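These notes concern the structure reproduced below.
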2 protein chains.
Amino acid sequence: MQPDLSALDATLGDGADGYLVDADGTDSTQRYLSGFDAPDPFVTCYTPDGVHLLVSGLEYGRAKKDARADTVSRLADYDYRERVSEAGQVAGRAAVVADFLAERAVGSVAVPARFPLGTADGLREAGVTVDVDDGDAVTRIRAVKTSEEVEYVRRAQRANERAMAAAESVIESATVVEGVLHRDGDPLTSEAVRREIELTLLREGCALDETIVACGADAADPHDRGSGPLRADEPIVVDIFPRDKGTRYHADMTRTFLKGTPDSTLREWFDLTDEARRAGLDALEPGVTGEAVHGAVCDVYEAAGVPTLRTNPGAETGFIHSTGHGVGLDVHELPRIAPDGDELEPGNVVTIEPGLYDPDVGGVRIEDLVVVTEDGYENLTDYPVELVV
Amino acid sequence: MQPDLSALDATLGDGADGYLVDADGTDSTQRYLSGFDAPDPFVTCYTPDGVHLLVSGLEYGRAKKDARADTVSRLADYDYRERVSEAGQVAGRAAVVADFLAERAVGSVAVPARFPLGTADGLREAGVTVDVDDGDAVTRIRAVKTSEEVEYVRRAQRANERAMAAAESVIESATVVEGVLHRDGDPLTSEAVRREIELTLLREGCALDETIVACGADAADPHDRGSGPLRADEPIVVDIFPRDKGTRYHADMTRTFLKGTPDSTLREWFDLTDEARRAGLDALEPGVTGEAVHGAVCDVYEAAGVPTLRTNPGAETGFIHSTGHGVGLDVHELPRIAPDGDELEPGNVVTIEPGLYDPDVGGVRIEDLVVVTEDGYENLTDYPVELVV
């Protein structure tokens with residue numbers, strides 16, 4: 001995958017000679033700029049000449065082979081051990097980075113806001129100008145996916161559909177005893193459904209840190225992961241956002257299932273939320289703002305008399321979150337489909353995930369993952385939208 | 001778990017009013033100081049008066065309930081939205097942190113070396129003194145575990161033993177066809193064994209990002225994860241370092257298995273490495289340095305005429321890494337059992353993991369996880385040391 005980093009040149013146009021990152025491979029900006037993954041922090045410098053890496057001797061061979069870099073240097077090339085024994089770990093390493101930059105005639109750098117202070121102070125001490133890039137340049141570049149990145153997300157969403165099917169199947173095949181779902185004679189819990197999801201994703205080469213399987217009052221809190229026995233006639237929100245272990249790209253999808261019979265309010269909420277989802281999707285196209293797409297979703301809810309954060313910023317029931325977010329190396333990234341959402345571009349991969357919440361009713365959320373195209377969008381999600389299982 | 005943070009007061013004795021962390025819950029220093037986990041960065045300030053948290057409104061309720069904090073504040077308590085719309089995301093948030101500190105009469109802070117530059121620059125702008133803590137105070141405190149933390153590691157190592165048993169069982173029950181291990185008619189691969197390990201750990205509530213199952217020449221590189229079909233009569237290094245998803249504490253263990261018949265060199269290597277392991281363990285007690293324990297391991301290898309990094313810093317075969325490392329919230333943390341290892345204390349949880357490597361022979365490594373006690377050590381690892389399965 002060859003990202004288009006030319007937008008970084010504009011950032012550097014503000015006066016910096018290079019864009020500098022000092023982080024390990026779990027940092028998405030590092031991963032994106034370097035194309036390299038290592039468990040310990042390493043240094044990447046982008047200049048108009050190319051991408052330059054500075055790694056430990058342990059990672060050197062692998063970096064030469066795997067990284068998307070024009071040059072790879074070793075800490076030892078700059079007397080790392082001597083510097084550290086003279087000045088200590090932090091200042092010694094920073095002095096090495098300063099030498100690495102000097103060799104490339106880089107006297108000033110733009111850095112991400114979370115660049116490590118220890119390195120920055122050492123570089124400044126050595127006369128390098130270090131300024132935080134307020135404009136979040138790499139994050140903005142990452143928001144527009146190449147076709148290869150879209151494929152990575154699509155593949156992760158395929159795995160995610162299998163995980164969702166595993167969850168639905170367990171809920172659907174449960175028996176109901178005194179209002180509680182059961183499997184093999186025992187109550188079926190959020191934890192057990194989550195386990196089925198995890199096992200399925202593991203087989204698909206995906207990992208996840210968290211999954212939401214939330215029933216009833218749990219489901220009324222959009223951030224509650226859910227716990228304990230699942231109940232009949234109540235909505236069960238299943239929200240899965242795995243990471244493909246090979247590519248590190250994420251997927252994201254939510255469905256709401258109900259075993260038994262929904263009351264009329266839940267039925268209405270589900271249909272309304274599906275309508276809001278379709279309205280959000282219909283609004284998607286290049287040039288439209290994330291704010292406008294969010295507005296299209298709010299319009300549907302507000303027309304039905306349901307509170308949203310747009311009509312009541314303090315609302316605690318109704319549609320109480322934004323419509324969506326970008327998905328890629330991070331599960332939450334740009335662009336925002338929210339009140340402060342900027343103009344969309346082809347290649348943006350975003351969720352559309354309206355939902356309704358009330359502790360007295362429960363929660364309903366439906367989430368698709370889509371990519372903005374030249375003339376609209378393509379839905380990367382192939383999963384039915386049905387409440388009753 | 002109530003950590004003993006009094007050593008931080010000594011760090012603050014250097015002139016800082018507080019110790020400040022700005023990181024998400026995956027950062028082990030943040031996790032340790034705050035006792036709180038959140039996906040987005042939040043702020044923790046330790047002062048001699050207590051631990052103070054600054055979180056988003058979204059996390060406020062959970063932080064009040066779960067965090068190990070004396071006070072919890074919200075970004076909104078300090079006009080967060082206004083500040084951000086005036087000054088931008090980075091500077092606006094930093095201004096809020098400055099107000100949060102001012103309210104606690106904190107005019108100077110020590111911070112970890114990887115503290116975010118954007119926040120540091122904003123605090124300095126607001127007149128707060130921000131100095132990097134070169135002494136790595138929290139990391140040093142974390143190296144000495146409470147009995148509760150030792151229990152967390154012990155529990156993770158129990159799960160790890162089950163995973164190791166699953167791996168051994170698959171290798172042991174393989175059939176050999178033309179020198180290659182087979183299961184159900186297909187070649188048995190590193191990837192398949194890794195899958196067994198992952199499934200077992202998932203059932204035990206543990207997660208892992210990587211596992212080493214490396215055979216033959218792969219095993220000769222201590223950092224190669226291994227891939228492809230496993231072969232008979234060659235050593236298979238299995239190194240598993242999972243994280244308990246509940247407590248976030250790690251375990252770590254390595255065994256080397258061989259299906260078939262080892263040649264005399266491999267047999268010698270294995271027995272020598274087991275002897276080195278026992279020598280390392282025998283040397284463990286409070287007051288002994290990590291350097292001395294590493295030396296005891298090198299002594300065994302060197303007496304047998306095997307190269308070590310102590311006799312030849314450029315050695316590419318033989319014992320080419322250090323003896324061990326601390327294990328806790330991070331899988332690699334203090335203390336070091338290495339040439340620069342400091343004095344050990346009761347409560348240090350460390351690995352002892354000697355190994356021998358040569359691309360022409362393969363690799364052998366044996367690793368136990370132990371806790372240093374008042375009068376020696378306790379081995380937290382209950383798993384046989386046997387080469388041939």
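What you see is a predicted model, and the numbers here were worked out from it, not measured in a lab. Lettering of chains follows the sequences in order, A, B, ..., and the numbering in each one begins at 1.
- Counting non-hydrogen atoms of neighbouring residues, nucleotides and ligands closer than 6.0 angstrom, the CD atom of Glu316(B) reaches no more than 12 such neighbours.
- Contacts of Arg194(A) with chain B are absent, with no heavy-atom separation under 4.5 Å from either backbone or side chain.
- Heavy atoms from other residues, nucleotides or ligands lying under 6.0 Å from CD of Glu125(A) number 12 at most.
- Of the charged side-chain nitrogens involved, none lies within less than 4.0 Å of a carboxylate oxygen, so that Arg203(A) and Glu198(B) do not count as a salt-bridged pair.
- Partners of Phe36(A) according to the ring-ring contact (aromatic ring centres under 6.0 Å, His included) rule, which considers only residues two or more places apart in sequence or in another chain, are Phe42(A).
- Between chain B and the options Asp136(A), Val130(A), Val132(A), the largest number of non-hydrogen pairs under 4.5 Å is found for Val132(A).
- We find the CG-CG distance between Leu199(B) and Leu202(A) to be 5.0 Å, quoted to the nearest 0.5 Å.
- A salt bridge links Asp121(B) with Arg124(A); the closest basic N to acidic carboxylate O contact falls under 4.0 Å.
- Comparing Pro222(A), Pro41(A), Ala91(A) by heavy-atom pairs within less than 4.5 Å of chain B, the highest count is held by Pro41(A).
- Of residues 205-214 of chain B, those residues with a non-hydrogen atom less than 4.5 Å from any non-hydrogen atom of chain A are, in numerical order, Asp209(B).
- Contact annotation for Asp22(A): both backbone and side-chain heavy atoms come within less than 4.5 Å of a heavy atom of chain B.
- Identified by a heavy-atom distance below 4.5 Å to chain A, contributing residues of residues 324-336 of chain B are lacking entirely.
- Scanning residues 109-116 of chain A against chain B with a 4.5 Å non-hydrogen threshold yields Val111(A), Ala113(A), Arg114(A), Phe115(A), Pro116(A), sorted by number.
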